[in-house]
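Below, read A as the first sequence line, B as the second, and so on, with proteins coming before strands; counting in each chain starts at 1.
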Number of protein chains: 2
Amino acid sequence: MTTMQDVATRAGVSAKTVSRVFNDDPHVTEDTRQRVQSTMRELKYVPNMLARTFREGKSAVIGIAVPDVADPFFAAITKEIELAAREHDMAIVVTSLGDNPSLEQNIIETTVRRQIGGLIIAPIAADQSYLARWQDSFPIVFIDRTPIKLNADYFVEDDFGGAFEATQHLIAHGHRRIAIVGDSTDVPTTRLRLEGYRAALDDAGLRNDEELVVLGSRNADGAAQACKTLLALPDAPTAIFSSNARFSIGVFPALQALNRTDIALISYGDFPMADVLQPSVSVIDQDPRRVGRVAAERILARLATPAKRFRRKNVLPVRLIERQSCQSVPALSAPVDVP
Amino acid sequence: MTTMQDVATRAGVSAKTVSRVFNDDPHVTEDTRQRVQSTMRELKYVPNMLARTFREGKSAVIGIAVPDVADPFFAAITKEIELAAREHDMAIVVTSLGDNPSLEQNIIETTVRRQIGGLIIAPIAADQSYLARWQDSFPIVFIDRTPIKLNADYFVEDDFGGAFEATQHLIAHGHRRIAIVGDSTDVPTTRLRLEGYRAALDDAGLRNDEELVVLGSRNADGAAQACKTLLALPDAPTAIFSSNARFSIGVFPALQALNRTDIALISYGDFPMADVLQPSVSVIDQDPRRVGRVAAERILARLATPAKRFRRKNVLPVRLIERQSCQSVPALSAPVDVP
DNA sequence: GCAACTCATGTCATCGATGACATGGATTTT
DNA sequence: AAAATCCATGTCATCGATGACATGAGTTGC
């Protein structure tokens with residue numbers, strides 16, 4: 001690897017002068033500039049970013065930590081962050097947190113040691129207080145889920161509102177027995193969606209039936225199982241609200257396998273091919289690209305103007321995309337409240 | 001940020017001794033070790049990776065450059081590489097190359113300046129000779145597509161074989177007019193798949209009809225358009241071989257929109273929900289996770305044993321996953337060869 | 001003609017961690 | 001007991017780029 005010193009020696013100047021030429025310092029004669037530049041080309045000089053950023057103290061890299069890079073939602077976010085970062089000559093290092101909350105801290109700290117210039121995180125654990133000590137080293141932005149036991153910028157979708165709207169949509173289509181399938185209420189996101197669901201039922205004067213609330217699934221398969229259980233109930237639901245896209249990918253095939261496409265389905269979170277399935281699936285669209293963009297922009301803004309104050313809490317609106325999966329008219333199944 | 005020197009001063013030792021403690025050097029008395037360790041805890045010392053890797057000369061980071069991180073195929077690869085890298089305390093920096101081949105070199109070179117420890121690339125341009133000068137700085141592994149004008153490790157899927165098998169599968173189901181939809185033959189991958197397709201037709205004594213070869217689409221929409229054009233032909237195909245998953249995502253809805261699910265479809269490359277669509281789509285599965293794993297392993301192996309020789313060319317087998325989309329029996333459409 | 005100034009360029013120190021080598025006290029060998 | 005060895009710890013230099021400051025040649029002003 002050619003260093004500045006190599007170029008300097010060859011061109012008969014000091015390393016500092018090479019540095020000057022490289023950084024377009026005006027205090028260099030045209031003559032020297034030419035000579036140095038041609039030597040740089042000759043020796044194929046390439047700056048050592050590592051040395052530079054080491055000296056600066058922090059690297060031009062944004063760390064991204066999400067539950068799963070391969071999940072379409074997070075993949076879209078990641079891509080968008082990268083595009084935004086690139087415009088500012090920053091790169092991204094990506095990390096998957098997996099689904100074991102107890103590993104989060106370790107994984108994050110390994111990432112953080114690399115002197116990243118900023119961190120965007122969609123956490124999975126129930127406590128991010130460990131990040132406090134890093135907060136004045138670089139900006140941290142939470143996405144998708146709010147930070148817990150930590151004060152930091154965050155951009156989350158309107159979980160309550162989206163769930164409310166989704167449930168209301170089902171109700172508007174005549175459904176009275178509406179189930180919700182989701183993961184753990186340890187996840188704040190899920191908790192809010194559950195609340196939105198309940199609020200919508202309350203609003204419509206419908207009874208909150210605990211037997212229709214099936215939380216705790218860990219993945220698509222678990223959700224599929226939950227779905228089967230629900231449909232086997234004596235007084236089965238006519239509609240299902242899947243509280244996240246990951247699960248919808250399990251629920252839909254399950255309905256199909258049971259030949260119950262008459263069951264209405266709405267998914268919190270769009271997913272690939274949702275629009276071409278039979279029936280196409282209505283969803284609450286979270287606009288992951290927007291999430292990625294605003295998160296990246298916040299990081300960049302915090303880096304550019306550290307003193308400036310920003311709004312910490314940011315709730316992004318979600319949007320109901322109506323497709324076919326809620327159009328089925330529920331079979332006559334008047335809620336029988338007799339035990 | 002606490003440095004080793006800070007810890008050293010506080011503990012009344014030299015920085016070097018702190019370094020020794022940190023790196024488990026046996027030449028430290030138990031007494032000193034204890035003292036230094038407790039001081040490290042007290043001051044919350046965290047090593048500066050940047051300084052370390054700067055000194056070492058190359059960072060513990062693997063660069064990944066793929067056409068699109070948000071594409072499920074590449075997202076799966078990325079995830080797998082990350083998992084493998086993490087086991088060796090390496091991180092990944094990810095970059096999307098987009099679809100403009102002329103930008104590839106620039107994007108890659110920006111990545112490469114960051115003193116990465118290895119590079120995994122799925123190229124989009126028709127010339128990677130610019131990477132030659134980096135080859136002895138760090139290992140480079142190509143995935144999905146072979147390097148052009150460069151000698152380097154590569155792991156590609158069996159494009160010819162997969163396309164051959166896919167086409168043969170359609171033929172076995174009675175199809176005689178089989179179309180192929182793909183992107184540009186500038187992409188070696190596509191060229192090979194086209195060859196596989198042709199070979200299968202030849203093998204079966206079927207005529208290669210140029211009007212059924214529709215290449216040059218740029219994205220899913222383009223593929224959908226190509227599909228419409230094909231079906232509008234006087235002597236339309238009864239089956240379509242979509243030469244990549246990205247396009248299948250356009251072709252399937254197109255068939256659906258035209259109400260032509262009788263047209264058989266097979267996709268080179270699995271895609272999300274392909275198994276629950278109506279009809280579910282038969283695919284050639286490329287096993288992206290395997291690609292990611294072997295590529296990462298090769299990088300790590302090259303780093304561990306630089307002198308060792310490895311097989312450069314590596315073709316990974318692909319697998320036909322039979323679903324429903326090829327089961328339709330073609331309507332009687334005896335190839336009319338009268339002009 | 002000399003001070004004051006400008007400007008190109010050089011020298012040195014620095015960022016943090018760590019190899020190479022030095023030092024000096026304790027222990028073992030002959 | 002002198003010599004050889006061992007071992008804990010320290011000092012210094014280094015990786016590459018670049019700020020802070022120095023130098024010295026050339027220019028301007030009075």
Base, backbone or nothing for each nucleotide of nucleotides 16-27 of chain D, written B, S, -, heavy atoms under 4.0 angstrom, 5' to 3'?
BBBBB-------
Could you go over nucleotides 23-27 of chain C and give all protein N or O partners under 3.5 Å, atom names and distances?
none

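A salt bridge between B:Arg218 and B:Asp183 is absent, with no side-chain N of the basic residue lying under 4.0 Å from a carboxylate O of the acidic one.
Of all the residues in residues 26-41 of chain B, not one reaches under 4.0 Å from DNA chain C with any non-hydrogen atom.
Every residue two or more places apart in sequence or in another chain that forms a salt bridge (Lys or Arg N to Asp or Glu O under 4.0 Å) with B:Glu42 is listed here: B:Arg10. For A:Thr78, there are no side-chain hydrogen bond (donor to acceptor under 3.5 Å, both in side chains) partners, not counting sequence neighbours. Here B:Asp31 pairs with nothing under the side-chain hydrogen bond (donor to acceptor under 3.5 Å, both in side chains) rule; sequence neighbours left out. For B:Gln34, the side-chain hydrogen bond (donor to acceptor under 3.5 Å, both in side chains) partners are B:Glu30, not counting sequence neighbours. Every side-chain contact (heavy atoms from CB on, under 4.5 Å) that A:Lys308 has, sequence neighbours left out, goes to A:Thr305, A:Phe310.
In this structure, A:Glu157 and A:Val315 have side chains that are not in contact, with every pair of non-hydrogen atoms separated by 4.5 Å or more.
Residue B:Thr17 is in sugar-phosphate contact alone, with no base atom involved, counting any heavy-atom pair closer than 4.0 Å across all strands shown. Contact annotation for A:Val18: no contact, since no heavy-atom pair falls under 4.0 Å across all strands.
Atom CD of A:Gln115 is separated from atom C1' of C:dC15 by 11 Å (rounded to the nearest Å).
With the end axes of the helix from C:dG1-D:dC30 to C:dT30-D:dA1 each set by five pairs, the angle from one to the other reads 50° at 10° resolution.
Between B:Phe54 and A:Phe54, the ring centre distance stays below 6.0 Å.
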Which atom pairs, one a donor and one an acceptor, fall under 3.5 Å between side chains of residues 97-109 of chain B and the rest of the protein, sequence neighbours left out?
residue  : atom : partner  : partner atom : Å
B:Asn100 : OD1  : B:Ser102 : N            : 3.0
B:Asn100 : OD1  : B:Ser102 : OG           : 2.7
B:Glu104 : OE1  : B:Ile124 : N            : 2.7
B:Glu104 : OE1  : B:Ala125 : N            : 2.6
B:Glu104 : OE2  : B:Gln128 : NE2          : 3.0
B:Glu104 : OE2  : B:Tyr130 : OH           : 2.6

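Each ring-ring contact (aromatic ring centres under 6.0 Å, His included) pair with one or both residues in residues 73-104 of chain B, not counting sequence neighbours, would appear here, but there are none. Applying the side chain to side chain donor-acceptor pair (under 3.5 Å) rule to pairs touching residues 48-57 of chain B yields nothing, sequence neighbours excluded.
Looking only at distances, no side-chain donor or acceptor of A:Ser129 sits under 3.5 Å from a matching main-chain atom of A:Leu150.
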